[in-house]
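One structure below.
Hydrogens, waters and symmetry mates are skipped; everything else that's a heavy atom, side chains included, is used. Lettering of chains follows the sequences in order, A, B, ..., and the numbering in each one begins at 1.
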2 protein chains.
Amino acid sequence: MITIYDIAREAGVSAMTVSRVINNTGRVSDKTRRRVKQVMEDLHYVPNSNARSLVLQKTNILSLLITDIANPFYTTLARGAEDTAKRLGYRLLFGNSDENYAKEKDYVDMILSTRVDGVLFAPAGDGSAAHLQQLEKHRIPFVLLDRDVPGITADRIIGESRDGARKLVEHLFQLGHTRIALINGSEDVSTARERHAGYREALKLNDLPYDEKLVLHLGYREEAERDFLEQLLAQNKPPTAIFAANNFIALSVIQSLRGIGLSVPEDLSVVCFDDLGFASVLNPFLTVAAQPAYQFGALGMERLVDLIENGSSSGPRTIILPSELIVRSSSRRLEV
Amino acid sequence: MITIYDIAREAGVSAMTVSRVINNTGRVSDKTRRRVKQVMEDLHYVPNSNARSLVLQKTNILSLLITDIANPFYTTLARGAEDTAKRLGYRLLFGNSDENYAKEKDYVDMILSTRVDGVLFAPAGDGSAAHLQQLEKHRIPFVLLDRDVPGITADRIIGESRDGARKLVEHLFQLGHTRIALINGSEDVSTARERHAGYREALKLNDLPYDEKLVLHLGYREEAERDFLEQLLAQNKPPTAIFAANNFIALSVIQSLRGIGLSVPEDLSVVCFDDLGFASVLNPFLTVAAQPAYQFGALGMERLVDLIENGSSSGPRTIILPSELIVRSSSRRLEV
DNA sequence: ACAATTTGTGTTATCGATAACTCTAATTTA
DNA sequence: TAAATTAGAGTTATCGATAACACAAATTGT
């Protein structure tokens with residue numbers, strides 16, 4: 001590998017002068033500058049950022065940790081984060097925890113040893129608190145994305161889950177549905193709790209009873225087993241609509257329903273959180289509460305860089321992003 | 001930040017002894033080892049991998065460059081690469097070129113300055129040759145994924161594009177279609193050329209004429225404009241089926257067709273390369289030539305690590321992965 | 001019991017860059 | 001024109017880790 005010393009020797013100057021040319025600092029005569037630049041090009045020199053990081057105590061690397069790389073919500077978010085990081089002059093180290101605390105811990109260890117300057121952190125759930133405390137201990141700035149973690153005070157970019165849930169349920173209500181099931185994510189995750197709360201709120205506002213038998217839990221990445229749904233639908237007064245807490249759950253519900261011979265929206269309406277990315281043009285065109293995924297990443301990244309470069313001036317800030325109800329054809333008026 | 005010297009001082013030993021404990025090398029008495037470990041835990045010590053990389057001339061970081069993070073093919077591939085990298089003890093630096101040479105170049109620069117040990121490289125197209133030559137110049141091992149690049153000799157994991165294309169077209173032929181359009185990716189990309197060749201081959205094998213007016217080009221991420229399709233369908237003898245070169249193109253075709261008031265498969269059959277990931281349960285259930293995306297990542301990563309750790313023993317190797325025809329309902333028998 | 005070996009540990013140099021300081025020659029100022 | 005300033009370099013120390021060598025104490029072999 002070509003080093004700064006090779007360039008220095010070749011150009012007949014000291015390493016320090018080369019460093020000055022690279023960083024455009026200090027005084028270097030035009031003549032020397034040109035010569036050094038020429039040698040750097042000829043030898044295809046690229047500075048070793050490890051060495052630089054070591055002395056500067058700054059890596060210019062940020063880390064983005066998401067929980068599901070297969071989910072369009074997160075990949076869109078990732079693009080927002082990536083675009084913004086690049087614009088602001090940082091490299092980005094991706095991590096994918098797969099909603100799994102063990103994997104998440106591995107990534108945190110890696111983050112620490114890499115000495116990244118900051119982390120955009122979409123936690124797997126409440127159990128992520130231990131990992132976030134590790135970051136705090138090492139004074140690595142971070143911004144929480146999408147999910148809140150009890151016991152952790154930090155900058156956050158959060159969606160209006162409760163509100164979005166209420167909108168979805170009220171939409172179903174307006175279509176005449178009164179028996180609405182909720183298939184939720186794990187209660188270990190703040191967004192699942194919020195969506196649950198929004199669901200209850202909407203019922204209450206519309207004087208509908210809350211029926212525990214209509215509420216089921218799944219991991220955000222878990223598949224809805226057929227038995228599971230059959231049980232739900234075998235009740236006395238089965239639901240006529242299902243509110244799935246995220247897109248992944250919605251799709252697996254649709255698939256399982258099909259297995260039972262039921263179709264959407266003819267037999268049941270289905271609505272969910274988060275859009276499907278490029279697949280949203282497929283049938284049943286899902287009625288969703290779409291979150292501005294790109295903004296999650298972009299705003300989070302901006303905040304993170306601000307935090308790194310200017311410190312936490314005014315204490316932790318929370319940005320709450322609204323979700324938008326997009327009515328498509330997976331939900332339809334209940335026939336009487 | 002806690003350094004190895006802090007640990008050494010606190011434990012009353014030299015930094016070298018601490019290093020020996022960390023790496024389990026050399027001789028250290030059990031008593032000392034325990035003491036050092038205790039101090040490391042107490043102070044939450046994490047080794048600085050920048051410093052380590054600098055002296056070892058090895059970062060233990062690999063890079064994965066994909067062209068479209070929104071495409072399930074690549075995210076699945078990414079998961080395969082990630083799982084394998086972790087299993088083999090490497091960290092992974094993701095990059096997403098968005099099918100864009102300028103972004104790709106930025107990533108290559110970053111890769112060089114990060115001194116990664118190797119790169120899993122899904123090139124944006126033939127123009128990536130310059131970037132790959134840069135890697136060669138710096139002796140950074142790489143494995144090509146999914147696409148070939150003329151002029152570059154390297155290990156490759158390639159899909160059987162030609163064969164897959166032929167299978168898709170023959171499937172349509174068996175359903176009675178004889179006017180089959182191809183909406184292809186840019187001819188700048190090897191897979192697009194191969195799929196084109198497979199398409200021609202299939203026509204020839206079945207004694208069908210090759211009609212230029214039925215072949216159109218789009219970027220793999222470009223949207224099919226409505227005009228574009230209207231023109232295609234306004235021909236004398238319009239196609240009854242469309243072979244879209246990838247999933248993204250297929251979806252945008254379906255969307256545009258819907259805009260014109262046509263539906264799939266009632267009015268036109270549509271087939272494509274690559275499955276849709278979790279969205280494959282949606283309607284129209286696409287008939288696809290599914291590639292083993294996870295394997296692309298996993299095998300590529302294994303090969304890359306082998307290359308790094310054991311050198312290129314036997315010259316560049318090419319692994320060709322077959323695609324599987326999955327017949328669903330987006331293609332149907334032509335009514336006469 | 002004494003040389004030979006092994007064990008456990010420390011010292012010094014190094015990786016590739018930059019900060020802080022130094023130094024000389026050129027230029028400006030009074 | 002002598003003193004003061006500035007421009008354009010170079011020197012040395014440092015970041016945090018590890019390799020290579022050094023060396024005393026403990027253990028082994030004969």
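Nucleic acid contact for V18(B): none, since no nucleic acid atom lies under 4.0 Å from a heavy atom of the residue.
Checking R115(B) against S49(A) by side-chain atom types alone, no donor-acceptor pair falls below 3.5 Å. The closest side-chain donor-acceptor pair between E99(B) and T67(B) falls under 3.5 angstrom. With 3.5 Å as the limit, one finds a donor-acceptor pair spanning the side chains of D42(A) and Q38(A). A donor-acceptor contact closer than 3.5 angstrom links the side chains of D188(B) and Y101(B). Defined by atom type and a distance below 3.5 Å, a donor-acceptor pair is present between the side-chain atoms of Y74(A) and D146(A).
Atom NZ of K137(A) sits in a crowded spot, with more than 12 heavy atoms from other residues, nucleotides or ligands closer than 6.0 Å.
In this structure F142(B) satisfies the ring pair (Phe, Tyr, Trp, His ring centres under 6.0 Å) test with no other residue, sequence neighbours excluded. Applying the salt bridge (charged side-chain N to carboxylate O under 4.0 Å, His left out) criterion to R317(B), with sequence neighbours excluded, gives no partner residue. Remark: N23(B) engages S19(B), T25(B), R52(B) in a side chain to side chain contact (heavy atoms under 4.5 Å, CB included) (not counting sequence neighbours).
The rotation axes computed at either terminus of the helix from dA1(C)-dT30(D) to dA30(C)-dT1(D) lie 30° apart, taking five pairs at each end and rounding to 10 degrees.
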Contact list (N/O, under 3.5 angstrom) for nucleotides 11-17 of chain C vs protein:
| from | atom 1 | to | atom 2 | distance (Å) |
| --- | --- | --- | --- | --- |
| dG16(C) | OP1 | Q57(B) | NE2 | 3.4 |
| dG16(C) | N2 | A51(A) | O | 3.3 |
| dA17(C) | OP1 | Y45(A) | OH | 2.7 |
| dA17(C) | OP1 | N48(A) | N | 2.9 |
| dA17(C) | OP2 | I4(A) | N | 2.3 |
| dA17(C) | N7 | Y5(A) | OH | 3.0 |
| dA17(C) | N6 | Y5(A) | OH | 3.4 |

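For the segment residues 24-37 of chain A, the set of residues with a heavy atom within less than 4.0 Å of an atom of DNA chain D comprises R27(A), V28(A), S29(A), T32(A), in numerical order.
In terms of modelled atom types and a separation under 3.5 Å, the side chain of T76(A) and the main chain of A293(A) share no donor-acceptor contact.
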